[in-house]
Amino acid sequence: MITNIEWWVPAVVIAPALLFQWYLFYAFFTAKKRFSKSNSHLNLPVSLIVCARNELENLQKNLPKWVSQKYPELEVIVVNDRSWDDSRFYLEEQAAKHSNLKIVTVPDNDNYWTGKKLALSLGIKAARHDILLLTDADCAPASELWVQHMVQGYSDPNVEIVLGYGRYQKEKGLLNLIIRMETLQTAWLYLTAAWAGWPFMGVGRNLSYRKELFFRNKGFYKHMHIASGDDDLFINEVATRQNTRVIIHPEAVTMSIPKKTWSEYIYQRRRHFSTSSHYRTGSKIFLTAYQVSRLVIWTVTVFSLVLLSMGNTWYAIPFGLGLTYFVKRWWSLIKLSKLGGEGKLGWWYPVLSAIIFLIQLRIWLQNVIIGVPKGWKKA
């Protein structure tokens, strides 16, 4: 019977999981202070690249915010990816008004390898500058100093990648709250991993790297057969402890439009989850350790709480150990939500964490049991 299990058994079981998680907490609460500070005197030439396919409405809303960034030498490249709306005419009109705007057009030809990776590759090839800053057509910078802040990550000449934070617009409803909280938790993981020296991904909504790094590693060649992953798979391939930095500041984030329906959200998450199977082995080990340690902590904490409620007071020790994890996790998300311009979003963690866990479990099982749709594997 479970009541016959000695209290020290769950304490021993939870200890390795807590050590792993506490190391990540240490990285978050210390390394962010070293790598997030800006040096306002650093002004390197930047090429901002945005791929757009039938994004006329978003271009009309966001392009003025890109070209008007307060930065001395900024080239804005919009890649018109075979759009059939009026994007071309709008872009040509804007290019005549803004000398720092360049238009790149993806030819509509079946003989070409298609997809966002082709569009982005053409945009990178056309860039005049070595520092590239990437975002999506539906992303608006949080301030006119977005570029200025992101460039500060290159204060060390050995840095080739700068990871940023991309949040979603705040709207009414439970779905929006879940999307924003899951985005916050995902950002906590990949930013903290980078601070800890284990960078494994970035998001194309707010990402920067060097043009020389892109071509030195043959661009997307190793995963061109996979439709998604223009951001996380490339970063997973080339990021190291030495060449990666993080910039997180309320003025250095981008804001995107969230999905409006549950089906759209689940579809998006299933596609994102499918790319992680292509990560390098070290990243898979790290992510497995992260998820297993969380599961162990959850299980031992709940188990200890049950026995504690039955009068076994010694189980207060393993329960207390587990509780310290949840408090640390909660506090770190509160801090990150403030740094990322999310306001009080982090305070919702105790309420939403279990719901998000069940959603993620469902998506993972759906991908494993049903399989990944063929259309996701090839561009």
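In this chain, residues are counted from 1 in sequence order.
For Glu212, the CD atom counts as densely surrounded, since its 6.0 Å shell holds more than 12 non-hydrogen atoms of other residues, nucleotides or ligands.
Heavy-atom minimum distance, Arg245 versus Val159: CG-CG2, 3.4 Å. The minimum heavy-atom distance between Leu184 and Leu333, with the atom names listed, is CD2-O, 3.8 Å. Residues Tyr290 and Phe20 approach most closely at CA-CE2, 3.5 Å, considering heavy atoms. In terms of heavy atoms, Ser83 sits closest to Asn54 at OG-N, 2.8 Å. Minimum heavy-atom separation, Glu237 to Gly219: OE1-O, 4.3 Å. Taking both residues in full, the closest heavy atoms of Val67 and Asn100 are given as O-ND2, 3.5 Å, listed atom of the first, atom of the second, then distance.
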- Item | Trp195 vs Phe29, ring pair (Phe, Tyr, Trp, His ring centres under 6.0 Å): CA-CA, chis, key distance, verdict | CA-CA 10 Å; Trp195 280 319; Phe29 285 109; 9.9 Å; no
- Task: List the steps, then state whether side chain to side chain contact (heavy atoms under 4.5 Å, CB included) holds for Ile356 with Met181.
- Result: CA-CA 8 Å; Ile356 292 174; Met181 174 56 74; 3.3 Å; yes
- Under the side chain to side chain contact (heavy atoms under 4.5 Å, CB included) criterion, do Leu48 and Ile77 qualify, and how do the steps go? CA-CA 6 Å; Leu48 168 60; Ile77 299 175; over 6 Å; no
- Task: Evaluate the side-chain hydrogen bond (donor to acceptor under 3.5 Å, both in side chains) criterion for residues Tyr190 and Asp232: first the C-alpha distance (whole Å), next the side-chain angles of each, then the deciding distance (0.1 Å), finally the verdict.
- Result: CA-CA 10 Å; Tyr190 74 80; Asp232 61 336; over 6 Å; no
- Item | Derivation of the side-chain hydrogen bond (donor to acceptor under 3.5 Å, both in side chains) call for Asn80 and Ser87 | CA-CA 7 Å; Asn80 184 11; Ser87 295; 5.0 Å; no
- Worked check of side-chain hydrogen bond (donor to acceptor under 3.5 Å, both in side chains) between Glu342 and Tyr168: CA-CA 9 Å; Glu342 294 278 20; Tyr168 285 100; over 6 Å; no
- Task: Please step through side chain to side chain contact (heavy atoms under 4.5 Å, CB included) for the pair Ile131 and Ser208, ending with a clear verdict.
- Result: CA-CA 7 Å; Ile131 303 297; Ser208 178; 3.9 Å; yes
- Message: For a side chain to side chain contact (heavy atoms under 4.5 Å, CB included) check, start with the C-alpha distance between Asn176 and Gln169, then their side-chain angles and the critical distance, and finish with the verdict.
- Response: CA-CA 8 Å; Asn176 178 261; Gln169 292 179 2; 5.8 Å; no
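Criterion: ILVMFWY side-chain heavy atoms under 4.5 Å apart, direct or through other members. Under it, Ile178 and Ile257 are not part of a common hydrophobic cluster. When hydrophobic clusters are built by joining Ile, Leu, Val, Met, Phe, Trp and Tyr residues whose side-chain heavy atoms come closer than 4.5 Å, directly or via intermediates, Met310 is grouped together with Leu323. Taking hydrophobic clusters as Ile, Leu, Val, Met, Phe, Trp and Tyr residues chained together by side-chain heavy-atom distances below 4.5 Å, Trp188 shares a cluster with Phe200.
Between the side chains of Asn236 and Ser283, at least one donor N or O sits under 3.5 Å from an acceptor N or O. In the model, Gln185 has a side-chain atom that pairs as donor or acceptor with a side-chain atom of Arg329 under 3.5 Å. A donor-acceptor pair shorter than 3.5 Å can be found between the side chains of Glu182 and Tyr265. For the residue pair Thr183 and Tyr165, no side-chain donor N or O sits within less than 3.5 Å of a side-chain acceptor on the partner. Thr254 and Trp146 share no side-chain donor-acceptor pair at under 3.5 Å.
Ion pairing of Lys116 with Asp81 is absent here, as no side-chain N (NZ or NE/NH1/NH2) approaches a carboxylate O to less than 4.0 Å. With respect to Lys97 and Glu93, a salt bridge is recorded, a charged nitrogen being found less than 4.0 Å from a carboxylate O. Electrostatic pairing of Arg128 and Glu75 counts as a salt bridge here, judged by a charged N lying under 4.0 Å from a carboxylate O. Contact check on Lys211 versus Asp130 returns no salt bridge, with no Lys/Arg side-chain nitrogen under 4.0 Å from an Asp/Glu carboxylate oxygen. In this structure, Lys260 pairs ionically with Glu171, as a charged nitrogen and a carboxylate oxygen lie closer than 4.0 Å. Checked for salt-bridge contact, Lys61 and Glu55 miss the test: no charged N lies under 4.0 Å from a carboxylate O.
Checked by atom type and distance alone, the side chain of Asn243 pairs as donor or acceptor with a backbone atom of Val238 at under 3.5 Å. With Ser47 contributing its side chain and Leu132 its backbone, the two residues share no donor-acceptor pair below 3.5 Å. Between the side chain of Thr192 and the main chain of Leu189, no donor-acceptor pair closer than 3.5 Å is present. Without hydrogens or angle criteria, Asp156 side chain to Asn158 main chain gives a donor-acceptor distance under 3.5 Å.
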Could you pull out all donor-acceptor pairs under 3.5 Å where a side-chain atom in residues 299-306 meets a protein atom, sequence neighbours excluded?
residue	atom	partner	partner atom	Å
Thr299	OG1	Leu295	O	2.8
Thr301	OG1	Ile297	O	2.6
Ser304	OG	Val300	O	2.8

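Here Trp198 contributes atom CH2 and Arg241 contributes atom CZ; the two are 7.5 Å apart, rounded to the nearest 0.5 Å. Going from atom CG of Leu163 over to atom CG of Asp231 covers 10.5 Å, rounded to the nearest 0.5 Å. The CG atom of Leu133 lies 8.5 Å from the CD atom of Gln69; values are rounded to the nearest 0.5 Å. Atom-to-atom distance recorded for His249:NE2 and Leu145:CG is 9.0 Å, nearest 0.5 angstrom. Distance NZ/Lys70 to CD/Glu144: 4.5 Å, rounded to 0.5 Å. Distance check: Ile103 CD1 to Leu91 CG gives 4.0 Å after rounding to the nearest 0.5 Å.
Screening residues 343-354 for side chain to side chain donor-acceptor pair (under 3.5 Å), with sequence neighbours left out, gives no hits.
Contacts of Phe326 classified as ring-ring contact (aromatic ring centres under 6.0 Å, His included), with partners at least two apart in sequence or in another chain: Trp298.
Phe220 and Phe214 have perpendicular rings, their planes meeting at more than 60° on a 0 to 90° scale where under 30° would count as parallel.
In this structure, the side chains of Val50 and Asp136 stay at 4.5 Å or more apart for every pair of heavy atoms.
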